[in-house]
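In what follows, a single structure is set out as structure tokens and then discussed.
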Amino acid sequence: MRYSIQFETDSYLRIRLSCGKISDAEEEVLEFAISQMKPVKHVKIYPATGGISITYEKDRDLILEKLSALQYQNIEMFAGKLEKRIDVEEVERRKLSPALKRKMRRRMLLETVADIALPMPVQVGYHVYQLVTLKGL
């Protein structure tokens, strides 16, 4: 990871990333990655400036070595995966319409009745057909 040291004391380090601004997902991944380093006590990230403050226990060289070894492409990749996931707040915001809920209930009920009534080879064949064609997704 490319960075420059802005300020330091014997137990505090303030760096600025060369990439500039940090997205929310990148902030989450960076904070986790840096906080897991052995001598680190506390991490604070400033996304608008690309700054990171690190409080640590007297092993500056080890922290700088680990920061230099950290690949920012990996952080961007994990951040991309985080941005694609749906969090709890979004699930709560996305309300299903009553008509769609009725349709889903009806379909589940019909599939349950078919699974109970049809013989096993026909059930397996139908579900394999659904998996192969990805019907209904």
Donor-acceptor contacts, no H, no angles, side chain residues 59-71, under 3.5 Å, sequence neighbours left out:
unit_1 : atom_1 : unit_2 : atom_2 : d
Arg60  : NE     : Glu8   : OE1    : 2.4
Arg60  : NH2    : Glu8   : OE2    : 3.3
Ser68  : OG     : Tyr3   : OH     : 3.3
Ser68  : OG     : Leu64  : O      : 2.9

Solution key, residues 30-44 side-chain donor-acceptor pairs under 3.5 Å, sequence neighbours excluded:
unit_1 : atom_1 : unit_2 : atom_2 : d
Ser35  : OG     : Glu31  : O      : 2.9
Ser35  : OG     : Phe32  : O      : 3.0

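Contact of the Glu111 side chain with the Arg107 side chain is registered, since non-hydrogen atoms from C-beta on lie closer than 4.5 Å. Using a 4.5 Å heavy-atom threshold, the side chains of Arg14 and Ile52 count as separate. Within the 4.5 Å cutoff, side-chain heavy atoms of Ile75 are placed close to those of Tyr72.
Gln6 is linked by a side chain to side chain donor-acceptor pair (under 3.5 Å) to Ser4, counting only residues two or more places apart in sequence or in another chain. For Tyr46, the side chain to side chain donor-acceptor pair (under 3.5 Å) test picks out no residue, with sequence neighbours left out. Residues passing the side-chain contact (heavy atoms from CB on, under 4.5 Å) test with Met108 are Met104, sequence neighbours excluded. Ser97 pairs by the side-chain contact (heavy atoms from CB on, under 4.5 Å) definition with Ala99, Leu100, not counting sequence neighbours. The side chain to side chain donor-acceptor pair (under 3.5 Å) test applied to Asp115 returns His127, not counting sequence neighbours. The side-chain contact (heavy atoms from CB on, under 4.5 Å) test applied to Ser18 returns Arg2, not counting sequence neighbours. In this view, Lys101 and Leu96, Arg105 satisfy the side-chain contact (heavy atoms from CB on, under 4.5 Å) rule, not counting sequence neighbours. Glu27 meets the salt bridge (charged side-chain N to carboxylate O under 4.0 Å, His left out) test with no other residue; sequence neighbours excluded.
Nearest heavy atom pair, residue Ala25 against residue Ala79, reads CB-O, 3.4 Å. Residues Tyr56 and Thr9 approach most closely at OH-O, 3.2 Å, considering heavy atoms.
When hydrophobic residues (I, L, V, M, F, W, Y) are linked wherever their side-chain heavy atoms come within less than 4.5 Å, Leu110 remains an isolated member. Hydrophobic clustering, defined by side-chain heavy atoms of Ile, Leu, Val, Met, Phe, Trp and Tyr closer than 4.5 Å, groups Leu118 together with Val122.
Under the 4.5 Å side-chain contact rule for hydrophobic residues, Leu17 and Phe7 do not share a cluster.
Annotation: Asp24, atom CG; neighbour count of heavy atoms from other residues, nucleotides and ligands within 6.0 Å does not exceed 12.
Separation of atoms CD1 (Ile22) and CD (Glu76) is listed at 10.5 Å; rounding is to 0.5 Å.
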